[in-house]
There are 2 protein chains.
Amino acid sequence: MTDTPHPHADPDCRAVSELLSRVGDKWTVLIVKALEAKPRGRGCRFNELKREVGGISQQMLTRTLRTLERDGMVARTVHHTVPPSVEYALTDLGHSLAVPVMALADWTFAHLPQIHANRAAYDGALGEAA
Amino acid sequence: MTDTPHPHADPDCRAVSELLSRVGDKWTVLIVKALEAKPRGRGCRFNELKREVGGISQQMLTRTLRTLERDGMVARTVHHTVPPSVEYALTDLGHSLAVPVMALADWTFAHLPQIHANRAAYDGALGEAA
DNA sequence: GTGAGTGGTCACAAATCTTGACCAGCACCA
DNA sequence: TGGTGCTGGTCAAGATTTGTGACCACTCAC
């Protein structure tokens, strides 16, 4: 089918969708949310972050933080202390991302009950139809 | 480890994160964006949507639309015409979701070049370090 | 010296996404 | 009259992403 290479489909489209899939990722959103909750200038330790996000595996946290760091949204600071502690903090770019991300998180929180009701109704209708 | 069930970690947390992973999903965002671009009241045909989103497979489009329909964010209307055509349109809930989603999409679009530059810098630094 | 916390990495299993074929019916063109 | 394409999907299989649990070296408290 070769995917209908319309004149409309500009190459930016793929780049935007790729970036969107990172930025809108479940764990990214939760991490940015956790980091944004911290007072500005203060970072968050690795395991502290893991505790706050809740339900994330170490591997996924490491991986997501690396991506965020690569994209310049979080800054990673290693303190060469006795147990080498690592601090993660949002950069300016990260804080600017936090604005739409928090808006999405707020929407999600606000509409949670309604969506659960919709799902129940949908599944109920399916059950009756059968 | 049993995941440190802090007093801070309420059970809503999982529900929010689950919903966030749907709502913030790459394809969901792109579909809502495409649907929102349509004049209010007008739906979008299946293949029309597929063309507009670009790069999505039929299966993924079907699956995402079903989820969105179940959550009450899009309405599916089947016209029993000669080639049975199907229309998808955002509901009120879907339009309200579109607000934060579009904000995220706009952020993504605006910061695309900067993020690509950050990535190049990060990867370059890695290359030099080696 | 046993157990826990520091910040990870590695390998493997499970879930998810993509690819491409197929379906039935009709329109268009030669 | 037959070949091709469009309608809106479904199905199976392969590729990719995610989650699970173990392990690492080190230090502190008990």
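All values below come from the heavy atoms of this structure, side chains included, with hydrogens, waters and symmetry mates left out.
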Nucleotide [N], atom [atom2] - distance to [atom1] of [X] in whole Å:
X	N	atom1	atom2	value
A/I56	D/dT20	CD1	C1'	14 Å
B/D25	C/dT18	CG	P	9 Å
A/L30	D/dT18	CG	C1'	15 Å
A/H80	C/dG7	NE2	P	14 Å
A/Y88	C/dG7	OH	C1'	8 Å
B/Q59	C/dC22	CD	P	16 Å
A/F46	D/dC26	CZ	P	20 Å
A/R66	C/dC10	CZ	P	11 Å

Between A/S57 and B/T62, name the one whose nearest nucleotide on DNA chain D is closer to the 5' end. B/T62
Residue mapping more 5' on DNA chain D - nearest nucleotide basis, A/K26 or A/P83: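 Its nucleotide being nearer the 5' end, the pick is A/K26.
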N/O donor-acceptor pair under 3.5 Å between A/T67 side chain and A/R63 backbone: yes
Main-chain N/O of A/L61 paired with A/T64 side-chain donor or acceptor, under 3.5 Å: no
Under 4.0 angstrom between [X] side-chain N/O and [N] OP1 or OP2:
X	N	value
A/R45	C/dT6	no
B/N47	D/dT7	yes
B/R63	D/dT10	no
A/W27	D/dT17	no
A/R51	C/dT6	yes

Of the candidate nucleotides D/dC11, C/dG8, D/dG8, which contains the atom at the shortest distance from the side chain of A/R76?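 Nearest nucleotide to the side chain: C/dG8.
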With respect to A/L65, which candidate in A/I31, A/T28, A/V86 satisfies the side-chain contact (heavy atoms from CB on, under 4.5 Å) definition?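 When A/I31, A/T28, A/V86 are each tested with A/L65, the side-chain contact (heavy atoms from CB on, under 4.5 Å) holds only for A/I31.
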Salt bridge present between A/R22 and A/D71 (N-O < 4.0 angstrom): no
Strictly below 4.0 Å, N to O, side chains only: are A/K38 and A/E48 in salt-bridge contact?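 Salt bridge flag = yes for A/E48 with A/K38.
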Let me know, please, whether B/M60 or A/S85 comes out on the 5' side of the other along DNA chain C by nearest nucleotide.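 Looking at DNA chain C, the more 5' nearest nucleotide goes with A/S85.
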